[in-house]
Amino acid sequence: MFDIRVIRESGDKIQSRLGDRGKGIDWDLLLKLDVERRDLLTQVEKKRHRRKTVLSEIGKLKCQGKPDDTKLLQEVEKLAEEIRAEEAGIKPIEDQLNDLLLRIPNIPHETVPSGENESHNEEFRRWGTPPQLTFSPVPHVELGESLDILDFKRATRMSGSRFTIYKGAGAQLERALMNYMLDLHTQNHGYLEVIPPYLVNRAGMTGTGQLPKFESDLFYIASDDFFLIPTAEVSVTNIHREEILDSADLPLRYVAGTPCFRREAGSYGKDTRGLIRQHQFNKVELVSFTNPEESYDELDRLLIDVETVLQQLGLHYRVVTLCSGDMGFSAAKTYDVEVWMPVQGVFREISSCSNFEAFQARRARIKFRGTDGKTDFVHTLNGSGVAIGRTVVAILETFQQKDGSVLIPKALHPYMGGIDKIEKR
RNA sequence: GGAGAGGUGGCCGAGUGGUCGAAGGCAACGGUUUGCUAAACCGUCGUAGGUUAACGCCUACCGAGGGUUCGAAUCCCUCCCUCUCCGCCA
């Protein structure tokens with residue numbers, strides 16, 4: 001979200017930096033509403049001031065036991081009426097202005113490549129090599145079913161498409177990954193583990209940028225006006241909503257392993273089979289709150305923390321810098337980490353690490369107090385560290401053996417109760 | 001779900017109709033004093049919006065929204081939240 005004052009002063013600059021992302025925004029209307037609002041506000045405030053003055057005069061007379069001054073009473077009554085009418089005129093203007101502001105996406109950082117879609121993303125670095133298999137790899141769906149660790153059919157029966165039952169070693173693998181990642185980030189990388197709510201209210205969803213624009217992507221509980229979180233980013237970032245943090249406490253780093261719920265509206269026909277795109281999936285999420293001048297260092301750090309997971313698991317991946325057109329609404333800069341999927345022979349997103357700068361902080365009113373006593377908005381960042389379901393896919397497909405079994409990466413052994421291989425039961 | 005109590009500045013806490021954006025305390029910050037620390041003393045010390053070149057000035061906010069009144073932190077209504085007891089439940 002942008003400060004209307006900044007748009008007022010340097011709207012042209014913002015417009016040009018937004019580029020294609022700023023298409024469809026009515027800048028003239030924005031500025032017109034801003035002027036209208038301030039004019040009306042000035043008028044009302046003058047009248048309120050006059051009213052206050054008159055009221056205190058009336059009060060003084062009362063206290064002195066003097067008779068009422070009808071002239072003053074009349075003036076106050078007239079002012080009250082005018083104020084009420086003018087205030088009523090301001091409200092819709094403010095609402096409209098606010099709604100427009102909430103629908104402007106964040107400005108890409110200057111280091112973000114410009115481009116319309118993912119074909120313009122830039123590879124930033126690459127780690128490892130694709131596994132050299134002596135046979136043609138089996139897709140994780142068939143592998144999971146033949147090992148009896150994934151059950152898509154029965155899940156569909158009770159919940160529809162894009163749901164899965166994990167069974168036996170499959171469930172254990174999912175749980176092992178979650179615990180391994182949480183331990184890594186808390187013990188080695190200094191994040192504080194939290195288990196946040198999975199249901200949040202409208203204000204929370206607006207704070208991180210899901211609302212008002214992307215309501216159709218969310219599962220909604222109408223009876224209580226709750227939304228299911230599409231990512232722990234929402235609840236963890238909202239931990240500090242409407243707070244003023246102490247600059248000395250920054251950066252604040254949190255990690256949460258939670259289920260995520262996404263309607264996947266508009267993705268019909270995409271990744272319909274398997275674990276890749278689910279309505280419910282588990283993810284370990286990293287969230288940082290930093291001082292503004294430190295946020296890009298923090299993004300680098302966050303990215304490395306995420307990459308450590310894949311390196312320890314021995315999964316081939318690459319990091320891409322998203323171009324302006326492929327970035328999410330709230331992000332100023334995003335690195336996607338893409339893991340190698342041997343069956344499809346492509347890299348698939350397994351983590352997304354973003355710096356939102358002050359975009360979310362402004363919406364959620366998360367500030368810090370500097371040593372000079374002044375307050376300013378923090379910068380927020382987050383990254384998946386990493387998506388569990390897709391990690392399961394990568395492990396199954398990368399470490400599968402000719403006999404249909406799957407080797408478990410060493411890093412997970414302590415979490416798998418001594419098993420180092422998943423075999424048919 | 002039922003009954004009751006309550007929501008005031010970073011925290012504690014006073015304030016039941018006008019002079020209250022709000023006493024007092026704690027914490028914090030600046031200063032004086034001082035081997036150091038501590039203590040004492042003085043001062044500063046909420047958020048947001050508008051306006052100004054700036055100092056500043058103005059407006060709003062005592063959970064949220066309405067209402068009563070010339071006037072509301074204070075009275076009334078609705079909602080939200082917290083706490084206690086009961087019910088239910090893991």
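Here the structure is a predicted model, which means the values were calculated and not measured. Lettering of chains follows the sequences in order, A, B, ..., and the numbering in each one begins at 1.
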Which one, [options], comes nearest to the side chain of [X]?
X      : options             : value
A:K52  : B:U47, B:A60, B:G71 : B:A60
A:R37  : B:G49, B:A60, B:U51 : B:G49
A:R48  : B:U59, B:G50, B:G46 : B:U59
A:T375 : B:G50, B:C58, B:U47 : B:U47

Next on the checklist: As a test of understanding, state which of A:R48, A:R37, A:K47 forms a salt bridge (Lys or Arg N to Asp or Glu O under 4.0 Å) with A:E87.
Outcome noted: A:R48

Euclidean distance for [atom1], [N] against [M] (whole angstrom):
N     : M     : atom1 : result
B:G46 : B:A27 : C1'   : 14 Å
B:G10 : B:U68 : P     : 32 Å
B:U8  : B:C62 : P     : 12 Å

Would you please confirm or rule out a distance under 4.0 Å between OP1 or OP2 of [N] and any side-chain N or O of [X]?
X      : N     : value
A:R38  : B:C58 : no
A:R365 : B:U47 : no
A:R51  : B:G71 : yes
A:R5   : B:G49 : yes

Checklist outcome for this item: Closest to the 5' end of RNA chain B, once A:S56 and A:R50 are matched to their nearest nucleotides, is A:S56

Taking the six-membered ring for Trp, are [X] and [Y] ring centroids under 6.0 Å apart?
X      : Y      : answer
A:H279 : A:F219 : yes
A:Y198 : A:F261 : no
A:Y220 : A:F227 : yes

Next on the checklist: So A:T42, base contact, sugar-phosphate only, or nothing? Heavy-atom distance under 4.0 Å.
Outcome noted: sugar-phosphate

Checklist entry - What's the CD-P distance between A:E242 and B:A48, to the nearest Å? => result 12 Å

Checklist entry - Starting at CD1 of A:I244 and ending at P of B:A28, how long is that distance when rounded to a whole Å? => result 18 Å

Next on the checklist: Below 4.0 angstrom, which residues in residues 72-95 of chain A have at least one non-hydrogen atom near RNA chain B?
Outcome noted: A:L73, A:V76

Pair partner, [N] [Watson-Crick or wobble, under 3.5 Å]:
N     : answer
B:U59 : B:A48
B:A22 : none
B:U84 : B:A3

